[in-house]
Amino acid sequence: MGTLTIGVFSSLIGSMNLDFAVKLAETAADKGHNVNLWLSGNATTAAKKGQKEYKDYSYLIKKISGLQKKGVQVAACEACSEARGIHAGEDIIEGITSIGMDWYVAKAAKSDRVLHIGVE
Amino acid sequence: MGTLTIGVFSSLIGSMNLDFAVKLAETAADKGHNVNLWLSGNATTAAKKGQKEYKDYSYLIKKISGLQKKGVQVAACEACSEARGIHAGEDIIEGITSIGMDWYVAKAAKSDRVLHIGVE
Amino acid sequence: MKLGIFYSDLRGNHDMLFRLKGEKIGVFLVGNGIYHATIKEKGEPSPILQKKEIDYYVLSEDLSTRGFSTDEVDSDIKVITYSDLTDLIMNDYDKLAWL
Amino acid sequence: MKLGIFYSDLRGNHDMLFRLKGEKIGVFLVGNGIYHATIKEKGEPSPILQKKEIDYYVLSEDLSTRGFSTDEVDSDIKVITYSDLTDLIMNDYDKLAWL
Amino acid sequence: MSNNILFVVQRPPYKSENPKLAITHAMSCYTADIHIDEPVEPTLAYVGDGVLNCIRDQRSQDIYGLISTEQHIKVQLSGDMKILVCKEDIERLGIKEERLVDGKDLGAEAGLNVVPFKEILKEMEICDHLMFF
Amino acid sequence: MSNNILFVVQRPPYKSENPKLAITHAMSCYTADIHIDEPVEPTLAYVGDGVLNCIRDQRSQDIYGLISTEQHIKVQLSGDMKILVCKEDIERLGIKEERLVDGKDLGAEAGLNVVPFKEILKEMEICDHLMFF
């Protein structure tokens, strides 16, 4: 079993890249791999508490919390979040670490595979 | 003098379409036109309170509040905001109306010009 | 119709521009659209500049943001400010399309 | 290197694909990349499918999402699930690039 | 006097939220009269790669838990919204008309109107405002 | 043993935040050792339309209040980050080398390395991981 780190820079709602990343993380974790998920840039919008579930919009809170139960580490870029008014504690979903970019590159360096989704 | 309604669907940070829209709204208001600004889809991220000012990221809170002082009406799509966990009162910047899409199409219908920026 | 078309990308939807018709067509190069006014890929001007009956404009503030000056702009394109853009929108074009 | 390349758009960066080289290249069509596997524009297969030495894969879940079934996929392309994709990533490709 | 807004969708579905927001914004025209004294009439047109929104059998709900663009289009067809699809573009992309969304199972009387681009251009001429998605 | 990550920027600036995040993520490699026991070494490469990030005289700060991509690149040059720019792409786009960002005024010893694409490909071979922006 290996370690897979996925970095995503796409908005919660829009390109569906985050839906893809979450489903891939889930599949890899179910197969016994270690998985890290990094949310940066517009992807930090996925870390905001209080998302209302509409069937029309990507809604990932439950899925991300499911990932965490499977041992997936989920972290969000601190500066990217704060620039969007999403602050640790009051705004960020419990279990998602708010941290600097060095966390991501360190995790990537120690991983067998890195899937970096650096687009919107 | 005429009425200009600008609708934007692009994220606060990213394409700089919102920076463009805000600067255009400001210029038009300074010339004496009536201006409405509609934030929908990912552009509702611009309506979030508590954005931290970094010189690296688009920071529009002060500019939007400046627009309001010039008489520009600024509104954000209610469902699009809520899906992102951005709720009226607790999350949305004062002075920005959280409202349904019918507000925008009504304003557009009564405007001399509509600039609809329907991309990310 | 008098149609003002906004271009904010270097790549993308050229086809649509050539399909749109009206008694007057203006193209506003804003954001990354300014590269069409300044870059000659393989020595050629951008394909979007080929249509003769169109008035082309480029936003001076967006040129400067990206490191270009007015004298690097193709001579067929008029350099305008946000103020000029506002006047053109409100006076000269009745419909607007952001491609 | 053994390089896995992800395509999630219908339009865009075809040049880069043809510039990338390695001992083994795989292309994963995901998201809107699936249109390359299903749409024949003007009767022609997508230009990204032209490279003979590449293994092409398309994600079945993303086909279904967009209304396509496996039997509409070009026969040179292997239809895979998220589970297959995970195995390919972890076993067969050591570097990954999302274009 | 009614105002007409033409919503033009030129991008494929699922890569951006905006093609879906084109439909919901068009739909919201029916309640715009709560804000102003005149009705607002929407027309929806799919052109360019936007015609890919109109392919039937989209299963986004089963797979990603998201209402499909197809479901949205069907609801609007059953509400009699005028929806145009560019003929040249479906032909260019090799999409047969029988692969397009059909609203009959939701009780729609008419389906999507597949029309030449020049008819969509005519709608652009007669509408009051354009919204390109 | 150090780990090397190659950051490849293939899109123009200002249309997405991500070309700028490529630089800040690359920079963050210098502090990655607070999390792991090995250093992480970044290399930054501009290819395709991404080379437009490297044009000098960007005035985004004056006009939109935003630090320019140029300022970011200069800071990294003065910190001796290895930054490659694809020669074929600047030629294709008609950009002369004297139009590229120069870090000398911030004390950088070397400027941007304009190299043939095959050298960037070589970096892709030797790096441990790739991050395309």
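Computed over heavy atoms, backbone and side chain alike; hydrogens, waters and symmetry mates excluded. Keep in mind the model is a prediction, meaning the values are calculated, not measured. So that the names make sense, note that chain A is the first sequence line, chain B the second, and so on, each numbered from 1.
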message = Checking an interface table here. Which of residues 83-99 of chain C come within a heavy-atom distance under 4.5 Å of chain B?
response = C:S83, C:L85, C:T86, C:D87, C:I89, C:M90, C:N91, C:Y93, C:D94, C:L96, C:W98, C:L99

request  = Enumerate by number any residue of residues 2-9 of chain C whose heavy atoms lie under 4.5 Å from heavy atoms of chain B; in the absence of such residues, state 'none'.
outcome  = C:F6, C:S8

ask   = How many angstroms lie between CD in C:E61 and CG in B:D19, if you round to the nearest 0.5 Å?
value = 13.0 Å

Under 4.5 Å from a heavy atom of chain C, the part of [X] involved:
| X | answer |
| --- | --- |
| B:S15 | neither |
| B:K23 | both |
| B:D30 | neither |

ask   = Looking only at heavy atoms, what is the nearest atom pair of B:F20 and C:V30, with distance?
value =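 Minimum heavy-atom separation between B:F20 and C:V30: CE1-CG1, 3.8 Å.
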
request  = Under 4.5 Å, heavy atom to heavy atom: which of residues 89-120 of chain B reach chain C? Give them by number, or say none.
outcome  =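 Residues in range: B:D112, B:R113, B:V114, B:L115, B:H116, B:I117, B:V119.
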
note = By side-chain contact (heavy atoms from CB on, under 4.5 Å), C:E44 pairs with (sequence neighbours left out) none

key: Residue C:K78 excluded, over 12 heavy atoms near NZ under 6.0 Å   =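 No, not enclosed.
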
